[in-house]
Amino acid sequence: MIFPAIDLKAGQSVRLYQGDFSQATLINADPVVQAQQINAAGLQQLHLVDLDGAKSGRPENWATVAAVRAAFTGTLELGGGIRSYDLAARYLKLGVDRLVIGSAALTDPVLVKRLLTTFGGERIVIGVDGQHGQVAINGWLEQSQTKMSTLIQTMMVSGAKHFVVTDVARDGTMQGPNLNLLGQLHAQLPPAQLVASGGIRDVADLQTLQAMGITDAIIGKALYEGTVTLAELAEVTTC
């Protein structure tokens, strides 16, 4: 599945450069309109990120998420600051289809195991963000010493199936995905359903990933730079 991304900051759609909150570019003042445009292009998947929530550990864009959910038809995936069972349950009750759990997978594995046991591996997705193969947490503001492969293995034991893998150094750079990292993780952990995120430029990058066996991806900046269109993504998704 191909997920166009909308990153939320103060109720607006923005893009960050390498996760830097001081380098935010406004994409759309009304994320609901943006979500409707994605639907209108024939896409039935959307990846939302509460950037403020990722930084604070609290739901900072709840009203916007609710409005997008009401307007968007299809699979809605949400990440950013989901670090408690109650908040996860509230988002799922709101109608969010899949939650991406990032920092908590490292800092509170007992919580994530509970979420996986209760809601299942199709609804609880693990976000594995990092640099140089090691996990970054708390809105990418802190670098851990845990290997990305180790975190994926641990979460698979707890029942996780899907893993959004983001190389922070590639995010928002338009330099292409980190094929070495993704290829190594895919070879090491073939049962894991990897979702490529960060640096994807165009359809050719998606085709390269698909040839490696990675069919799921998140597209952000490339859409707004115009190197790939929603229509092209819809075509790739239906192929």
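Note that the coordinates shown come from a computational prediction; the quantities given were computed from them, not determined experimentally.
- Cluster annotation: Val32 and Leu78 are assigned to the same hydrophobic cluster (Ile/Leu/Val/Met/Phe/Trp/Tyr, side-chain heavy-atom contacts under 4.5 Å, transitive).
- Contacts of Val195 classified as side chain to side chain contact (heavy atoms under 4.5 Å, CB included), with partners at least two apart in sequence or in another chain: Val164, Asp216, Ile218.
- Looking only at side-chain heavy atoms (C-beta outward), Leu233 and Leu223 come within less than 4.5 Å of each other.
- A distance of 13.5 Å separates CE in Met148 from CD in Gln153, rounded to the nearest 0.5 Å.
- Atom OG1 of Thr73 is separated from atom CG of Leu43 by 12.5 Å, given to the nearest 0.5 angstrom.
- Scanning both residues, Phe72 and Ala35, for their nearest heavy atoms gives CD1-O, 3.5 Å.
- Summarising the geometry, atom OG1 belonging to Thr118 is positioned 11.5 Å from atom CZ belonging to Arg123; distances are rounded to the nearest 0.5 Å.
- A donor-acceptor contact shorter than 3.5 Å links the side chain of Asn61 to the backbone of Gly11.
- With sequence neighbours left out, the side-chain hydrogen bond (donor to acceptor under 3.5 Å, both in side chains) criterion links Glu122 to His162.
- Glu232 is linked by a salt bridge (Lys or Arg N to Asp or Glu O under 4.0 Å) to nothing, counting only residues two or more places apart in sequence or in another chain.
- Considering only residues two or more places apart in sequence or on other chains, Ala217 meets the side chain to side chain contact (heavy atoms under 4.5 Å, CB included) condition with Ile2, Ala196, Ile200, Leu206.
- Applying the salt bridge (Lys or Arg N to Asp or Glu O under 4.0 Å) criterion to Asp108, with sequence neighbours excluded, gives no partner residue.
- By the 4.5 Å heavy-atom criterion applied to side chains, Ser197 and Phe3 are not counted as neighbours.
- Here the closest non-hydrogen pair linking Ala104 and Leu111 is CB-CD2, 4.2 Å.
- Side-chain N or O atoms of His186 include one that pairs as donor or acceptor with a backbone N or O of Met212 at under 3.5 Å.
- For the side chain to side chain contact (heavy atoms under 4.5 Å, CB included) test, no residue two or more places apart in sequence or in another chain qualifies with Ala70.
- Closest approach of Leu26 to Ser13, counting heavy atoms only: CD1-O, 3.6 Å.
- Considering CG of Leu106 and CD1 of Ile126, their distance stands at 11.0 Å, rounded to 0.5 Å.
- Partners of Asp202 under the side-chain hydrogen bond (donor to acceptor under 3.5 Å, both in side chains) rule, at least two apart in sequence or in another chain, do not exist in this structure.
- Not counting sequence neighbours, the partners of Ser22 by the side chain to side chain contact (heavy atoms under 4.5 Å, CB included) test are Asp20.
- Using modelled atom types, no side-chain atom of Thr146 and backbone atom of Val135 make a donor-acceptor pair closer than 3.5 Å.
- Shown are Gln44, Gln45, His47; of these, the side chain to side chain contact (heavy atoms under 4.5 Å, CB included) with Met1 is made only by Gln45.
- Remark: Ser56 engages Glu60 in a side-chain hydrogen bond (donor to acceptor under 3.5 Å, both in side chains) (not counting sequence neighbours).
- Partners of Asp52 under the salt bridge (Lys or Arg N to Asp or Glu O under 4.0 Å) rule, at least two apart in sequence or in another chain, do not exist in this structure.
- For Arg69 and Asp97, the salt-bridge test passes: some basic side-chain N is under 4.0 Å from an acidic carboxylate O.
- In this structure, Thr166 and Val128 have side chains that are not in contact, with every pair of non-hydrogen atoms separated by 4.5 Å or more.
- Applying the salt bridge (Lys or Arg N to Asp or Glu O under 4.0 Å) rule to Arg98 yields the partners Glu77; only residues at least two apart in sequence or on another chain are considered.
- Considering all non-hydrogen atoms of both residues, Ala71 and Asn39 come closest at O-OD1, 3.9 Å.
- With sequence neighbours excluded, no residue satisfies side-chain hydrogen bond (donor to acceptor under 3.5 Å, both in side chains) with Tyr85.
- Pairing each heavy atom of Leu115 with each of Ile124, the nearest pair is O-CG1, 3.7 Å.
- Rounded to the nearest 0.5 Å, atoms CH2 (Trp62) and CG (Leu8) are 13.5 Å apart.
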